[in-house]
Amino acid sequence: MRWDAQSITADDGALPGLDRTGLARAGLVRSVRTPDFAGITFHEVLAKSALSKVPAASRMPFGWTVNPYRGCSHACRYCLGPETPVLLADGRQKPIREVVVGDLVVGTELDGTDRRYVTTQVLARWPTVRTAYRVALADGTELVASADHRFLARDHGWKHVASNGPGEAPRSFLAVDDHLMGFGQGMPRSFRDVAAARQLAIIGDVVRSSADLRVVGVENLGYEQEMVDITTGTGDFVADGVISHNCFARPTHEYLDLDAGKDFDSEVVVKTNVDDVLRAELARPSWRREAVALGTNTDPYQRAEGRYRLMPGIIAALADSGTPFSILTKGTLLRRDLPLIASAAERVEVGLGVSLAFADEELQQAVEPGTPTPRARLDLVRAVRAAGLPCGVMVAPVLPWLTDSTDHLRRLLDAVADAGATGVTVVPLHLKPGTREWYLQWLQQDHAHLVAGYERVFTRGTYALKAYREWLWERVRPLLDERGFGPAGHRSGSGATGRYGELRPHDEGDYPAGSMVETTTGGAVAGMPRDGTGLEVAGAGVEQVLF
């Protein structure tokens, strides 16, 4: 098989003499490079914990997950000039070079279709040296940042300061007359008046641009300089009165004394003993056998799993302890473990989910480059069903004017039904910040005639207009019923819906049968929030997953 060459015994590649204090604390055994993963170093550690508690604020319908890998080769880099003032939660501002981990600052969070100011904590800080760009705004604000930094634009979501270099993936970047979000140099009086009271009156308010924050120029200054960036709990902060994006996941690397910039992109931590640690944690008297979801952060069947084979031990530990679990993946490597999963399903409830959005391979490869083809994923569903296991399919995302035609949906659902899927959920495209910029840039290049239509459908941010979602559901419902995926079909309880909540009430049966694991809170599907918003397939960047 093609994975044989990636077996951990096939290529040692150990790097002696690495002195990493943080990794040593985490139990570093060795660091490994292999030709199969060019530019990536694996740091094999003996982990002290395996189970991760899912924060209640995540809205996920499960409480626990397991992440055998840390680090991401698709991570992005952001940074600002060291003098850039950052708004603190007490109303003061101080240069980003003086901000420290633990500081409380102002960030933002989405609340339905609104974005509101909230208090958030600085989780990490790191310096770097990058080419400097000056972003000039109409109110006189000038921001010095790297080309990779992103600011929130009123009509376009997060936009990079400048375009990518030749040969790199396209991305959305600032243009003259883009209107940024924030308050600019004219800090609201309420900020200044309450500074002494150590709290901001604006916390909880909807974000609006109270100043003229139109971009009037973006200039490459032609030299490199020291830059600084921070990570906050919300993934953003207010820089010189403008809402500014940051990297969300880097703090775990700084805890390990790895650089939160370059190292996060190329230094992957592998918990080689995750199965033994997990088994010990599951044996504690306090463990209540709550459902554990795999594939909610990083895909457990990513390429590295072919080398490290961590999943068999994880599956066995969960099953032996009587803990139900679910797995969501795009990776066809799951087939390797089907006998083990089938054995586990004799003792605990198991949910398996596969995402599949395309009937046409050419379009799928254009939108999701590097992921398994539709045929390969359908073959995976067949293999799962042949092993006697349930398998739900997330038809997600449905792309307006590209995959929402009756012909395409009929062909895709025919293929899914023929593969034996136990249930189907249909989810319309979500354009989350970060995803939105990449997707619309790709759309402009490959399907420019559709851009105007998308701007109408996604006028309110992440989610398509209610009218479109209603239209899609009315188109999808009879197709599902015809193939036995509706509530009255022979796959009763499987259901399917766009899960947009406000259109009509739904129950657990609306999740695809086979992906669901029963919990004390009434059911869970691998990686999917109850209302379907924010659905993500783990282990893939925005160039692979467009919702």
Side-chain angles (χ1 to χ4, degrees), residues 1 3 61-62 64-66 68 275 278 289-296 299-302 305-306 309-356 372 374-396 413 415-425 483-485 489-496 508-519 523-528 537-539:
M1 293 180 59
W3 292 100
F62 46 81
W64 300 90
T65 186
V66 175
D275 53 346
L278 177 62
R289 296 176 176 81
E290 299 177 60
V292 173
L294 298 158
T296 63
D299 193 327
Y301 286 104
Q302 59 184 277
E305 174 61 15
R309 302 180 63 89
L310 300 180
M311 283 298 291
I314 292 172
I315 293 167
L318 291 167
D320 290 347
S321 71
T323 299
F325 63 91
S326 56
I327 301 172
L328 175 63
T329 185
K330 287 185 176 184
T332 53
L333 183 57
L334 172 71
R335 297 180 70 165
R336 182 197 67 191
D337 293 339
L338 282 179
L340 182 60
I341 297 172
S343 176
E346 296 176 358
R347 291 174 285 168
V348 299
E349 186 173 2
V350 172
L352 295 177
V354 174
S355 64
L356 176 60
R375 178 177 297 182
R377 280 185 251 182
L378 288 167
D379 286 344
L380 174 60
V381 175
R382 289 189 179 90
V384 172
R385 299 295 290 125
L389 296 164
C391 187
V393 172
M394 274 65 81
V395 174
L413 291 172
V416 170
D418 182 68
T422 49
V424 175
T425 295
R483 289 151 186 81
F485 289 119
H490 70 276
R491 297 176 177 87
S492 179
S494 64
E508 298 170 22
D510 287 322
Y511 291 108
S515 298
M516 190 179 299
V517 170
E518 293 298 324
T519 70
V525 63
M528 185 185 292
V537 175

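Note that these values count all heavy atoms, side chains included, but never hydrogens, waters or copies made by symmetry.
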Does [X] use its side chain to pair, donor to acceptor, with the backbone of [Y] at less than 3.5 Å?
X: Glu305; Y: Met311; value: yes
X: Ser326; Y: Ala293; value: no
X: Thr422; Y: Cys391; value: yes

- Query: Is there any side chain to side chain donor-acceptor pair (under 3.5 Å) pair reaching into residues 381-390, and which pairs are they, with sequence neighbours excluded?
  - Reply: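 Matches after skipping sequence neighbours: Asp379-Arg382, Arg382-Asp418.
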For [X] and [Y], which heavy atoms make the closest approach, and how far apart are they?
X: Val350; Y: Ala345; result: CG2-CA, 3.8 Å
X: Arg289; Y: Gly322; result: CD-O, 3.5 Å
X: Ala421; Y: Phe485; result: O-CE2, 3.4 Å
X: Asp275; Y: Ala317; result: O-CB, 4.1 Å
X: Val354; Y: Leu328; result: N-CD1, 4.3 Å
X: Ser355; Y: Arg377; result: O-NH1, 2.8 Å

- Query: For Asp337, what residues pass the side chain to side chain donor-acceptor pair (under 3.5 Å) criterion, not counting sequence neighbours?
  - Reply: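 Applying side chain to side chain donor-acceptor pair (under 3.5 Å) to Asp337 gives Tyr301.
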- By side chain to side chain donor-acceptor pair (under 3.5 Å) - contacts of Asp320 (at least two apart):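 With sequence neighbours excluded, Asp320 shows a side chain to side chain donor-acceptor pair (under 3.5 Å) to Arg279, Arg347, given in chain and number order.
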- Could you tell me whether the side chain of Leu294 reaches within less than 4.5 Å of the side chain of Leu318, counting heavy atoms only?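 Yes; the side chains approach each other to less than 4.5 Å.
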- Mind checking whether Ile327 and Pro300 have side chains closer than 4.5 Å, heavy atoms only?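 Of all side-chain heavy-atom pairs linking Pro300 with Ile327, at least one is under 4.5 Å.
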Rounded distance [0.5 Å steps], [atom1] in [X] versus [atom2] in [Y]:
X: Thr65; Y: Phe325; atom1: OG1; atom2: CZ; answer: 12.5 Å
X: Ile315; Y: Thr323; atom1: CD1; atom2: OG1; answer: 13.5 Å
X: Leu378; Y: Thr332; atom1: CG; atom2: OG1; answer: 12.0 Å

- Item | Test log, rule side chain to side chain contact (heavy atoms under 4.5 Å, CB included), inputs Val384 and Ile341 | CA-CA 9 Å; Val384 172; Ile341 297 172; over 6 Å; no
- Residues two or more places apart in sequence or in another chain: which of them pass side chain to side chain contact (heavy atoms under 4.5 Å, CB included) with Ala386?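 Result, side chain to side chain contact (heavy atoms under 4.5 Å, CB included) vs Ala386: none returned.
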- Item | Residues forming a side chain to side chain contact (heavy atoms under 4.5 Å, CB included) with Ala387, sequence neighbours excluded |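 Leu338, Leu389.
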